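What you see is a predicted model; the values in this text were computed from it and never measured. For ligands, and for the atoms within them, numbers begin at 1 and follow the listed sequence. Index from 1, following the sequence.
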Amino acid sequence: MKFDRFIRKVEGVRQQTDSLYKSVHEAPQQQELLIQAVEQLSVSLEELHVAEEELLQQNEQLVEYQQEIEKERQRYQELFDFAPDGYLVTDINGKILEANQAASQLFAIDKTRILGKLLIVFVPQQARRKFREKLARLCQQTQLRDWEIGLQNSQGILFDCEISATTTNDNKANCIGIRWLLRNVSDRKQAEEKTRFVELQNLHLREAAEFKSKIIAVLSHELRTPLNAILGFSDVLLRLNKNQFTPQSVNMVETIIRNGKQLLTLINNMLDFAKLEEGKFSLNLQYFNITELFKLITDDLRFFANQKNIALNIDINIQNVKVLNDPIRIQQLLTNLICNAIKFTETGSVLVELQELNDDKIIIIVKDTGIGISEIDLNYIFQAFRQVNQTKTRRYQGTGLGLAIVKDLLNLMQGTITVESSLGEGSTFCIELPRTVISE
Ligand code: ADP
């Protein structure tokens, strides 16, 4: 029942009471009229009672609604207070009327002290004009989304902030306030900045690497031609004049040839490496007998092992000897590994094994009893120009390119290489290769 209806009822009862009162006064002796009046009054009172009950019930409901609304209000207040982003409510001039905890943390100012301040005081001087313009426009636009702006906290420390805002209106659609969401995006901006920097560095590095590979390729090529001529003519010189030359002259020409060959190996390695790094290297795939090639390589290198009094043993355990690969490159990488094994071994032996893992894969193992490689150095040995433990290995010649080439070649052959080693206990290099290399 509505309150005005109740009022009307009360008014009705009052009027009835008045008219009864008048009637009784005009005819005070009439008993009958008095009884009638009392009855009417009692009916009216009854109605009034019912109306009062209804009103009470409605009142109780109203209290319940109010309690629910209060609960909701508290829930929203908590959400507002403990939201991870800063929330502000301001008037249309940007005067802060409400602020949650995140907002007071953002501006490094106590929650009570932030109220009443103008939001613009947290905008650095140089950005204030723009902020004012945005604020003025906001009331017409009703919304502002993801606006990035540099703000400063109460101690003058700058931070990057992403702002979204919506206006609140009165019932005549007049803008009466603004709700602000403020997100500190400094970390994100810094991370983006770092990523951009790293990308730029990577680009420079890639360009530098390409430039380096080009220089190596050009230089190696230019050096190889005269060097081949020097080697060829020295060889002819020695063969034609060996009997006329003094032992000292023979020795000198032989030194030219030996050093020239070393230089040629280095240049060839550099050229191969540059091509591999540039992705310009291709394999010359053909079927061949891996056992025969294996024996050929080890026979060639046995001379060096003998020179150092090291045994070079081979163990071939393979049924299907046919493989599809590039025999020259297999020879190159195996020669590299076996030469290293001999070079870094002073006493003991080098064992080269050939096995088949299954129908599709073969395994080559080069094992030595040499100086070994420390755990830390194992991480670097496949990198170009890396030679480990320089003080100890100073007496060993090399360029640090061999294993880098081996690794790149194996990549092209869809193969892998692993190494197990520890200082003073020798090393074991293990190659896994597909029996049939797929051309790319
Ligand atoms: P290098 O021309 O110096 O031999 P590599 O790339 O072939 O270059 O090898 C890189 C480094 O790895 C070598 O300088 C050496 O320190 C280490 N190394 C390679 N093979 C062996 C091995 N069998 N025993 C011990 N150290 C090795």
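Under 4.0 angstrom from ligand 1, the non-hydrogen atoms of Phe429 all belong to its side chain. Residue Ile373 touches ligand 1 through its side chain alone, judged by heavy-atom distances below 4.0 Å. Heavy atoms of Asp368 found under 4.0 angstrom from ligand 1 belong exclusively to the side chain.
At least one heavy atom of Ser427 lies less than 4.0 angstrom from ligand 1.
Of the polar atoms of Gly372, none of the N or O atoms is found under 3.5 Å from an N or O of ligand 1, judged by distance alone.
Near Lys343, the atoms of ligand 1 lying under 4.0 angstrom from a non-hydrogen atom of the residue are 1 (P), 2 (O), 4 (O).
Glu72 and Arg75 are joined by a salt bridge, as a carboxylate oxygen and a charged side-chain nitrogen come within less than 4.0 angstrom of each other. A salt bridge links Glu192 with Arg188: at least one charged nitrogen is closer than 4.0 Å to a carboxylate oxygen.
Using modelled atom types and a 3.5 Å distance limit, the side chains of Trp180 and Thr90 yield a donor-acceptor pair. Side-chain contact of Gln141 with Gln143: a donor-acceptor pair under 3.5 Å is absent, judged by distance alone.
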May I have the list of side-chain donor-acceptor pairs in residues 265-273 shorter than 3.5 Å, sequence neighbours left out?
unit_1	atom_1	unit_2	atom_2	d
Thr265	OG1	Lys261	O	2.8
Asn268	OD1	Arg224	NH1	2.8
Asn268	ND2	Leu264	O	3.4
Asp272	OD2	Arg329	NH1	3.3
Asp272	OD2	Gln332	NE2	2.8

